[in-house]
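Indexing begins at 1, ligand by ligand and atom by atom, following the structure's order. Reckoned from all heavy atoms, side chains included, excluding hydrogens, waters and symmetry mates.
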Amino acid sequence: MVSVPFLTSAPGKVIIFGEHSAVYHKPAIAAALSLRTYLLASRDNGDTDTLFLEFPDIQFSYKWATSDLPWQLFGEHSRKRQPAADEELDPELVDALSSLLSKIDSPIQYSAAFMFLYLLVSLCRENDVAGLTFTVRSTLPVGAGLGSSASVSVCFASAFCYLGGHIQEPTLRADDVTVKDSEQCLFIDAWALMGEKCSHGNPSGIDNAVATHGGAVMFQRMESSVPSIRTSMRNLPPLNLLLTNTKTPRSTAALVANVSKIVTEFPKPSGLILETMEAIAREAYTLMLRPFLDKQSKNRLMELIRLNHGLLVSLGVSHPNLERVKLWSDELQIGQTKLTGAGGGGCAITLIDDDAATPEKLRQLEEKYNEAGFETFKTTLGGKGVGLLTEIATITSEKLCRLHNRDEIEAAVGCSALPQWRYW
Ligand SMILES: Nc1ncnc2c1ncn2[C@@H]1O[C@H](COP(=O)(O)OP(=O)(O)OP(=O)(O)O)[C@@H](O)[C@H]1O
Ligand SMILES: C[C@@](O)(CCO)CC(=O)[O-]
Ligand SMILES: [Mg+2]
């Protein structure tokens with residue numbers, strides 16, 4: 001029996017090239033961020049017949065009687081296996097969960113609770129989780145293109161794999177170097193993909209892969225049940241990336257569905273757009289394999305950013321606020337900007353041209369963004385993947401819920417603040 005409390009954590013990601021085309025089996029490049037989600041599993045309520053959820057970032061608290069969950073649907077065997085990449089959500093389980101979710105009106109809360117229940121019932125037995133409280137806090141903006149859904153899914157999948165006895169405690173510390181994926185990571189990643197399927201119908205798997213394994217990758221989804229190709233990019237050249245959140249709300253599910261409509265209705269032009277995106281990602285990959293970029297390569301990478309954004313605009317996934325981010329960085333000539341993640345709002349990245357972007361220009365740009373209500377982020381790329389923190393008797397759900405901002409969350413439970421975190 002696993003002892004509680006414990007925390008799991010997984011990073012968000014930034015897609016540098018290839019969002020949307022990744023869904024259509026084209027390669028994409030992404031890196032883990034230092035912004036992360038944390039999930040606390042604790043026994044903070046005396047009631048052993050109830051399951052409690054505390055998701056304050058989305059203003060959601062909920063509880064279910066443990067015995068109301070459809071535990072009877074799965075035998076021991078189905079609970080132990082690793083789902084294939086193309087496995088659909090189990091229709092019986094989806095149906096059984098719908099009545100437990102029927103009182104939740106907000107789509108944001110609904111999709112988080114659906115993902116939670118789907119993974120919980122798939123991976124745990126009633127006795128593993130009766131009476132537990134699950135609290136989520138994130139330093140990532142919710143629904144802004146930085147992989148918040150996947151980082152939540154990986155936190156759930158890892159916690160439930162651990163509670164259900166499918167994986168052991170990890171041993172790696174932050175500074176340990178790994179050369180090979182652990183079986184445990186592959187198991188978590190496969191289940192986190194099922195969680196992403198609860199959040200949107202057709203995920204490529206890139207977001208959960210980065211949230212599980214960390215680092216930077218070239219990722220390509222394969223046809224049918226063949227596992228995706230994930231090539232890690234260990235020596236990413238230092239890139240001066242500015243992340244800007246327009247704070248315009250959007251949903252990945254809706255954007256992916258809109259692109260799918262275009263791909264179905266205009267197969268020829270959209271096919272050519274996706275092929276061009278592939279060519280861009282492949283050339284960027286070759287350039288980014290070098291640990292340092294000379295001026296010419298850096299300029300080329302910036303041009304590829306510009307081209308990739310234009311193609312995403314043509315697929316209809318930009319937004320006037322993302323265009324404002326781009327327009328203002330173009331006017332000041334400080335680098336090249338593209339949307340990142342599903343688009344439709346959320347975040348953009350600007351690859352800064354270090355020669356052109358004087359401190360004064362950067363200050364002017366930040367001022368414009370602030371006036372528009374946009375938020376800029378400083379974050380590092382290529383951090384650790386999914387982790388576990390045990391022996392945390394002083395961290396309670398109530399304390400975690402009371403933390404006000406990113407800095408407080410990082411200081412209280414953060415992977416960068418606490419060397420005791422271990423990684424799968
Ligand atoms: N801190 C959080 N607490 C609870 N649920 C969250 C949290 N962060 C994200 N979610 C869930 O993930 C959903 C957002 O997922 P969505 O895929 O739309 O955006 P994203 O993952 O941030 O962006 P992208 O998929 O483009 O990278 C929310 O609606 C919510 O259900
Ligand atoms: C838009 C998309 O390509 C990236 C979302 O972060 C969707 C996916 O790959 O699952
Ligand atoms: Mg998402």
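Polar contact check, Thr252 against ligand 2: no nitrogen or oxygen pair lies under 3.5 Å apart. In terms of N/O distances under 3.5 Å, ligand 2 is approached by Ser204. The shortest N or O to N or O distance between Asn202 and ligand 2 is not under 3.5 Å.
The Ile206 neighbourhood of ligand 2 comprises atoms 9 (O), with distances under 4.0 Å to a heavy atom of that residue. For ligand 2, the atoms lying closer than 4.0 Å to a non-hydrogen atom of Pro203 are 10 (O). Distances below 4.0 Å separate heavy atoms of Ala342 from the following atoms of ligand 2: 1 (C), 5 (C).
Side-chain N or O atoms of Tyr38 include none that pairs as donor or acceptor with a backbone N or O of Leu400 at under 3.5 Å. Under the 3.5 Å distance criterion, the side-chain polar atoms of Arg36 are left unmatched by any main-chain donor or acceptor of Thr139.
Atom 5 (C) of ligand 2 has as its closest protein heavy atom Asp207 OD2, 3.4 Å. The closest protein non-hydrogen atom to atom 7 (C) of ligand 2 is Val23 CG2, 3.8 Å.
Between Glu323 and Ser318, the side chains place a donor N or O and an acceptor N or O closer than 3.5 Å (distance only, hydrogens not considered). Side chains of Thr133 and Arg43: a donor-acceptor N/O pair is absent below 3.5 angstrom, by distance only. Counted by atom type alone, Ser397 and Glu54 present zero donor-acceptor pairs between their side chains at under 3.5 Å.
At a threshold of 4.0 Å, the pair Glu283-Arg300 counts as salt-bridged, since one of the basic side-chain nitrogens sits closer than that to a carboxylate oxygen. Comment: Glu410 does not engage Arg137 in a salt bridge, judged by the lack of any side-chain N to carboxylate O separation of less than 4.0 angstrom. Under the 4.0 Å criterion applied to side-chain N and carboxylate O atoms, Arg422 and Glu391 are not assigned as salt-bridge partners. Checked for salt-bridge contact, Glu398 and Arg402 meet the test: a charged N lies under 4.0 Å from a carboxylate O. The pair Glu303-Arg306 meets the salt-bridge criterion, with a side-chain N (NZ, NE, NH1 or NH2) lying under 4.0 Å from an Asp/Glu carboxylate O.
Counting heavy atoms under 4.0 Å from ligand 2, residue His200 touches it through the side chain alone. Under 4.0 Å from ligand 2, the heavy atoms of Ile15 that appear belong solely to its side chain.
Taking all heavy atoms of Glu19, Lys13, His20 into account, the minimum distance to atom 6 (O) of ligand 2 is reached by Lys13.
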task = Would you sort out whether Tyr62 and Phe60 count as a ring-ring contact (aromatic ring centres under 6.0 Å, His included), showing the intermediate values?
result = CA-CA 7 Å; Tyr62 214 78; Phe60 184 58; 5.5 Å; yes
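For a heavy-atom separation below 4.0 Å, the residues in contact with ligand 1 are Lys13, Asp57, Ile58, Ile108, Ser111, Ala112, Val136, Ser138, Val142, Gly143, Ala144, Gly145, Leu146, Gly147, Ser148, Ser149, Val152, Asp207, Arg250, Ser251, Thr252, Gly341, Ala342.
Glu87 pairs by the side-chain contact (heavy atoms from CB on, under 4.5 Å) definition with Arg81, Pro83, Met194, not counting sequence neighbours.
Cation-pi geometry between Lys63 and Phe52 is not met: the NZ or CZ atom fails to fall both under 6.0 Å from the ring centre and inside 45° of the normal.
Note that OG of Ser153 is 9.5 Å distant from CG of Asp189, once rounded to the nearest 0.5 Å.
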Please output the side-chain donor-acceptor pairs of residues 256-271 that fall under 3.5 Å, not counting sequence neighbours, one pair per line with the distance.
from: Thr264; atom 1: OG1; to: Ser260; atom 2: O; distance (Å): 2.7
from: Ser270; atom 1: OG; to: Phe266; atom 2: O; distance (Å): 2.5
from: Ser270; atom 1: OG; to: Pro267; atom 2: O; distance (Å): 3.4

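Around the Mg ion (ligand 3), the protein atoms of type N, O or S that sit closer than 2.8 Å are Ser149 OG.
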